[in-house]
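Questions regarding the structure given below will be posed in turn.
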Amino acid sequence: MSVSALVRITRPHNAVVAGLTALLGYLIATGTLTSPSLLLAVVVVLVTAAGNVINDVYDIEIDRINRPERPIPSGEISLRGAKVYTVALFAGGIALAALTTPLCLLIALINSVILVAYAVWLKRTPVFGNIAVAYLTASIFLFGGAFAGIEGLIRNISLATITFLATVAREVLKDAEDVDGDAAGGARTLPMIIGIQGTGVVAFACACGAVAASILPIGDWWGLFYLIAIGFVDAVILFGASRGLRCTTPDCVRESGATSILRAGMFAALAVFAIAAVM
Ligand SMILES: CC(C)=CCC/C(C)=C/CC/C(C)=C/CC/C(C)=C/COC[C@H](O)COP(=O)(O)O
Ligand SMILES: CC(C)=CCC/C(C)=C/CC/C(C)=C/CC/C(C)=C/COP(=O)(O)OP(=O)(O)O
Ligand SMILES: [Mg+2]
C-alpha cells in the first residue's frame with residue numbers, strides 16, 4: 001500500500017477543490033477570510049476524501065469494468081485497508097468539524113451519512129444518487145456560509161441552487177456514459193429508465209435552470225464583471241449540456257465530451273465567483 005495510492009484513492013483534485021470551495025462559500029457570505037475559517041477547508045478535504053474512498057470500496061465490481069486502474073481494483077490498496085482508511089478520514093473530518101460551529105458540524109455529520117448511503121446504496125438507485133451528489137456539491141457553499149451563522153448559510157442558498165442544478169446535469173450524463181458498467185454492477189440509473197436521449201434532455205433542462213439562476217439578480221455582490229464573466233461560463237455550460245442532446249448511446253455521450261465541458265464550465269464558474277466576491 002503506497003503513499004501514492006493512498007493519495008490517489010482520495011481523488012485529491014476534487015477533495016482540494018471542494019475544500020477551497022468551502023472557503024469561497026465563507027468569503028462570499030462574509031466578504032472576508034479569517035484564520036479560523038481555514039479549518040473549513042480541512043474538514044471538507046477530509047470528508048470528501050473519505051467519501052471518495054468509500055465510494056471505491058463499494059464500487060469495486062463497477063470499477064473493475066469502468067475504472068480498472070483505480071487503487072482497489074488494481075490491487076494497490078486492499079478492501080480492508082480502504083475501509084480502515086475511510087473510518088480514519090471521516091473521524092478526522094468530523095472531529096475537526098466539532099471545532100467549527102454547531103451548524104457546520106451538523107452539515108458535516110449529515111454529509112458524512114449521505115456519502116456512506118451514496119456508496120452503499122443511493123448511487124445504485126435512479127435519480128436519488130444524482131440528487132445526493134448534487135446536494136453534497138451544493139452543500140459546500142452552505143457549509144462555508146454556515147461558519148458565519150444561519151445568515152451566512154441563507155446568503156449562499158442561491159449559489160447552492162446553481163451548483164445543485166449544474167451538478168445534476170453532469171451526474172446524469174456521467175451515468176449515461178457508465179450505463180454498461182453500472183448495469184453489470186446491479187445499479188439502476190436514470191438512463192436505464194428513460195434512455196440515453198431522455199437523459200440528455202434532463203441534463204440540458206437542469207443546465208438551463210442553473211444558467212437562469214446564475215443570472216437572476218439575487219446576490220447583491222453580483223456586479224458588472226460577474227454578469228459578463230458568468231455569461232461566458234453559462235455559454236460553455238449550455239454548450240456542454242447540448243452536446244448530450246443528440247446522443248442515443250454511451251459511446252456517443254463519451255465522445256461528445258459533454259461531461260468534460262460541463263466540468264470545465266463548473267470550475268470556471270468557481271473562478272468567476274471567487275473574483276466577483278473579492279472585487
Ligand atoms: C450555471 C453555472 C454558473 C453553474 C456553475 C455551478 C458551480 C459553481 C459548480 C461548481 C461545482 C464544483 C466544481 C464544486 C467544487 C467541489 C467539487 C470538487 C465537486 C466534485 O465534483 C467536481 C468534479 O466534477 C469531479 O470530477 P469527476 O471526478 O470527474 O466527477
Ligand atoms: C461540506 C462537507 C462537510 C463535505 C463535502 C461533501 C462532499 C463530498 C462534496 C463534494 C461532492 C463529491 C465529491 C461527492 C463525492 C461522491 C462521489 C465519490 C461521487 C462519484 O461517485 P461515482 O458515481 O461512483 O462516480 P465515479 O465513477 O467517479 O466513481
Ligand atoms: Mg465510483
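Whatever order the structure lists them in is the order used to number ligands and atoms, beginning at 1.
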Close-contact set for ligand 2 against Arg11 heavy atoms, below 4.0 Å: 20 (C), 26 (P), 28 (O), 29 (O)

Proximal ligand 2 atoms for Arg70, defined as those under 4.0 Å from one of its heavy atoms: 26 (P), 27 (O), 28 (O), 29 (O)

Ile228: hydrophobic cluster co-members (side-chain, 4.5 Å): Leu224, Phe232

Structural part of Ala210 in contact with ligand 1, heavy atom criterion under 4.0 angstrom: both

Distance (rounded to the nearest 0.5 Å) between Leu40 CG and Leu24 CG: 12.0 Å

Rounded distance [0.5 Å steps], CD in Glu171 versus CG in Leu190: 12.0 Å

Sub-4.0 Å atoms of ligand 2 with respect to non-hydrogen atoms of Lys174: 25 (O), 28 (O)

Heavy-atom nearest neighbour in the protein, as seen from atom 3 (C) of ligand 1, with distance rounded to 0.1 Å: Asp234 OD1, 3.6 Å

Enumerated ligand 1 atoms positioned under 4.0 Å from heavy atoms of Thr137: 11 (C), 14 (C), 19 (C)

Any Val116 side-chain heavy atom under 4.5 Å of Ile54 side chain: yes

Selected option - heavy-atom contact closest to atom 12 (C) of ligand 1, from Val44, Val272, Leu270: Leu270

Protein contact of atom 18 (C) of ligand 2 - nearest heavy atom, named by residue and atom, plus distance: Asn52 OD1, 3.1 Å

Backbone or side-chain N or O of Thr167 under 3.5 Å from ligand 1 N or O: no

Contact partition for Met266 relative to ligand 1, non-hydrogen atoms under 4.0 Å: both

Residue, atom name and distance, where the atom is the protein heavy atom closest to atom 29 (O) of ligand 1: Arg263 NH1, 2.8 Å

Atoms of ligand 1 close to Phe273 [distance to a heavy atom under 4.0 angstrom, numbered from 1]: 8 (C)

Atom indices of ligand 1 within 4.0 angstrom of Ile140 heavy atoms, with elements: 16 (C)

Under-4.0 Å heavy-atom contact between protein and atom 5 (C) of ligand 2: yes

Beyond-backbone contact of Thr167 with Met266, side-chain heavy atoms, under 4.5 angstrom: yes

Sub-4.0 Å atoms of ligand 1 with respect to non-hydrogen atoms of Thr21: 15 (C)

Atom indices of ligand 1 within 4.0 angstrom of Ala269 heavy atoms, with elements: 3 (C), 5 (C), 8 (C)

Within-cut-off N or O pair, Thr48 and ligand 2, under 3.5 Å: no

Euclidean distance, Asn52 CG relative to Asp59 CG, rounded to 0.5 Å: 10.5 Å

Shortest protein contact, atom 11 (C) of ligand 2 (heavy atom only): Thr137 OG1, 3.4 Å

Least distance between heavy atoms, Ala210 atom then Ala166 atom: CB-N, 3.7 Å

Mutual orientation of the aromatic rings belonging to Tyr226 and Phe273 [parallel < 30°, tilted 30-60°, perpendicular > 60°]: parallel

Nearest-0.5 Å distance, CG of residue Leu142 to CG of residue Leu159: 9.0 Å

Ligand-residue contact atoms, ligand 2 with Leu115, heavy atoms, under 4.0 Å: 8 (C), 15 (C)

Interfacing atoms of ligand 2 (cut-off 4.0 Å, heavy-atom, Val47): 4 (C)

Subset of ligand 1 atoms that lie under 4.0 Å from at least one heavy atom of Ile237: 1 (C), 2 (C), 4 (C), 5 (C)

Heavy atom of the protein closest to atom 28 (O) of ligand 1 (residue, atom name, distance): Asn14 ND2, 3.7 Å

Min N/O separation Tyr118 to ligand 2 under 3.5 Å: yes

Backbone or side-chain N or O of Glu171 under 3.5 Å from ligand 2 N or O: no

Close side-chain approach of Thr249 and Ile196, heavy atoms under 4.5 Å: no

Salt bridge flag under 4.0 Å for residues Asp175 and Arg188: no

Inter-residue atom distance Ile131.CD1 - Ile114.CD1, 0.5 Å rounding: 11.0 Å

Under 4.0 Å to a heavy atom of Lys123 - the qualifying atoms of ligand 2, by number: 22 (P), 23 (O), 24 (O)

Ligand 2 to Asn111 polar contact by distance, N or O atoms, under 3.5 Å: no

Minimum-distance protein heavy atom relative to atom 3 (C) of ligand 2: Ala108 CA, 3.8 Å

Separation between SG of Cys252 and CZ of Arg243, rounded to the nearest 0.5 Å: 8.5 Å

Protein contact of atom 7 (C) of ligand 1 - nearest heavy atom, named by residue and atom, plus distance: Thr163 OG1, 3.6 Å

Which of the ligand 2 atoms, numbered from 1, are nearer than 4.0 Å to a heavy atom of Ile140: 9 (C), 10 (C)

Geometric N/O contact Asp59 with ligand 2, under 3.5 angstrom: yes

Protein contact to atom 21 (O) of ligand 2 [nearest heavy atom, distance to 0.1 Å]: Asn55 ND2, 3.1 Å

Protein non-hydrogen atom below 4.0 angstrom of atom 21 (O) of ligand 1 present: no

4.5 Å side-chain heavy-atom contact, Phe141 and Ile162: no

Arg64/Glu61 ion pair, N-O < 4.0 Å: yes

Residue and atom names of protein N/O/S atoms that fall under 2.8 Å from the Mg ion (ligand 3): Asn55 OD1, Asp59 OD2

Arg67/Asp56 ion pair, N-O < 4.0 Å: no

Phe143: numbered ligand 2 atoms lying under 4.0 Å from its heavy atoms: 1 (C)

contact_flag Arg170 ligand 1 heavy-atom lt 4.0 Å: yes

For atom 9 (C) of ligand 2, the protein heavy atom that lies nearest, with its residue and separation: Leu136 O, 3.4 Å

